[in-house]
Amino acid sequence: MLKKINDCIFRVIGVFAAACLFAIVVLVSAQVFSRYVFGFSIKWTSELTVYALTWMVFMGCSMGYRKGAIIGLTMVVDRLPKKVNNILAIIVTLVLKFFFVVTFISNLTTVQNAAGRLSSIMHINLAFVAVAWNVASAIMFLFSIERLIDQVKALIYPDNGGNGLSEEVSA
């Protein structure tokens with residue numbers, strides 16, 4: 001059940017991140033075209049591009065976390081016995097869960113402070129931008145539950161050939 005929910009969330013944020021990238025390309029292209037062809041600048045495109053980029057990066061991070069595609073230094077860990085490696089993977093996942101919770105709570109102050117402010121050009125509530133990390137950390141926390149379950153299964157049932165990570169998610 002959790003895997004199906006996470007698969008659905010993964011697909012939705014994939015579409016959202018792709019839409020953000022498309023918007024960025026269109027906005028920057030429009031800005032360049034208007035500046036060099038018509039000689040004027042569309043001021044709001046740069047502001048909206050930054051907001052779309054912020055959301056795209058955080059959603060992309062959560063997708064990378066789900067797929068196990070976040071960069072890591074594994075030179076030492078890969079040389080350890082499989083059981084020790086599985087135990088360390090569980091510890092890392094637990095530390096990340098703690099990180100997601102702490103940063104989510106810490107960022108609430110930023111979101112509250114931003115809620116009373118509007119952007120200078122488009123007059124968008126800045127809480128919209130500040131809450132991007134909260135959404136991403138909540139998604140990664142949910143993904144980490146699935147990862148932790150898989151890692152514990154790999155530790156308990158090592159003969160299944162699991163490496164402690166979920167199967168690759170097909171987009």
Side-chain angles (χ1 to χ4, degrees), residues 1-32 41-74 77 88-151 163-171:
M1 176 77 165
L2 179 63
K3 183 170 178 18
K4 287 182 182 180
I5 292 170
N6 285 350
D7 287 347
C8 182
I9 291 170
F10 185 86
R11 282 189 212 95
V12 168
I13 61 177
V15 169
F16 181 76
C20 287
L21 178 60
F22 179 77
I24 290 167
V25 169
V26 169
L27 291 168
V28 170
S29 298
Q31 174 71 324
V32 169
S41 178
I42 308 170
K43 294 179 184 178
W44 58 268
T45 58
S46 59
E47 188 174 290
L48 195 54
T49 298
V50 169
Y51 301 156
L53 181 64
T54 301
W55 275 92
M56 184 186 73
V57 166
F58 285 137
M59 293 302 103
C61 285
S62 61
M63 291 178 72
Y65 178 75
R66 171 88 192 283
K67 291 189 87 161
I70 302 295
I71 191 166
L73 185 60
T74 61
V77 178
L88 288 175
I90 290 170
I91 291 169
V92 167
T93 300
L94 291 172
V95 169
L96 283 172
K97 287 171 103 31
F98 178 75
F99 173 77
F100 298 146
V101 169
V102 168
T103 57
F104 180 95
I105 292 169
S106 298
N107 198 51
L108 289 176
T109 305
T110 304
V111 173
Q112 288 173 342
N113 291 337
R117 300 175 59 210
L118 299 177
S119 65
S120 59
I121 298 171
M122 295 184 65
H123 305 290
I124 294 174
N125 190 324
L126 292 177
F128 170 74
V129 180
V131 79
W133 172 252
N134 291 71
V135 172
S137 64
I139 290 169
M140 286 188 279
F141 184 86
L142 186 62
F143 289 167
S144 71
I145 294 170
E146 178 185 4
R147 177 172 286 190
L148 187 61
I149 291 168
D150 290 347
Q151 290 168 335
N163 62 357
L165 299 177
S166 297
E167 297 175 19
E168 289 286 320
V169 179
S170 59

As a quick check of understanding, evaluate side-chain contact (heavy atoms from CB on, under 4.5 Å) for Asn125 and Leu118, giving each step before the final call. CA-CA 5 Å; Asn125 190 324; Leu118 299 177; 4.3 Å; yes
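- Ile42 and Thr45 make their closest contact through O-OG1, 2.8 Å (heavy atoms, listed as atom of the first residue, atom of the second, distance).
- Between the Glu47 side chain and the Met122 main chain, a donor and an acceptor come within less than 3.5 Å of each other.
- The shortest non-hydrogen separation linking Ala17 to Met59 is CB-CB, 4.4 Å.
- Taking the side chain as every heavy atom from C-beta outward, Val135 and Phe58 never approach each other to under 4.5 Å.
- No side-chain heavy atom of Thr54 sits under 4.5 Å from any side-chain heavy atom of Trp133.
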The test is side-chain contact (heavy atoms from CB on, under 4.5 Å); show your working for Ile149 and Glu146 and say whether it passes. CA-CA 5 Å; Ile149 291 168; Glu146 178 185 4; 5.8 Å; no
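- A pairwise comparison of heavy atoms in Gln31 and Ser41 identifies NE2-OG, 2.9 Å as the closest pair.
- Inter-residue side-chain proximity for Asp7 and Arg66 is flagged as met; some heavy-atom pair is nearer than 4.5 Å.
- The structure places OG of Ser137 at 11.5 Å from CG of Leu142, a figure rounded to the nearest 0.5 Å.
- The shortest non-hydrogen separation linking Ala127 to Val111 is CB-O, 3.8 Å.
- Shown here for Ile121 and Lys43, the closest heavy-atom pair between the two residues is CD1-O, 3.7 Å.
- Thr103 OG1 to Asn134 CG: the interatomic distance, rounded to the nearest 0.5 Å, is 8.0 Å.
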Would you sort out whether Leu126 and Ser119 count as a side-chain contact (heavy atoms from CB on, under 4.5 Å), showing the intermediate values? CA-CA 6 Å; Leu126 292 177; Ser119 65; 3.9 Å; yes
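- Rounding to the nearest 0.5 Å gives a distance of 8.5 Å between OG1 of Thr49 and CH2 of Trp44.
- Across Ala136 and Ser62, no two heavy atoms sit closer than the pair O-CB, 4.2 Å.
- Annotation: side chain of Ser144 is in contact with side chain of Tyr65 (closest heavy-atom distance under 4.5 Å).
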Starting from the C-alpha separation in whole Å, work towards a yes-or-no answer on side-chain contact (heavy atoms from CB on, under 4.5 Å) for Leu108 and Phe104. CA-CA 7 Å; Leu108 289 176; Phe104 180 95; 4.2 Å; yes
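- Atom CG of Leu2 sits about 12.5 Å away from atom CZ of Arg147, to the nearest 0.5 Å.
- Contact of the Lys97 side chain with the Ile145 side chain is registered, since non-hydrogen atoms from C-beta on lie closer than 4.5 Å.
- How far CZ of Phe143 is from NZ of Lys67: 11.5 Å, rounded to the nearest 0.5 Å.
- Distance check: Ile139 CD1 to Phe141 CZ gives 13.5 Å after rounding to the nearest 0.5 Å.
- At least one side-chain heavy atom of Val131 sits under 4.5 Å from a side-chain heavy atom of Trp55.
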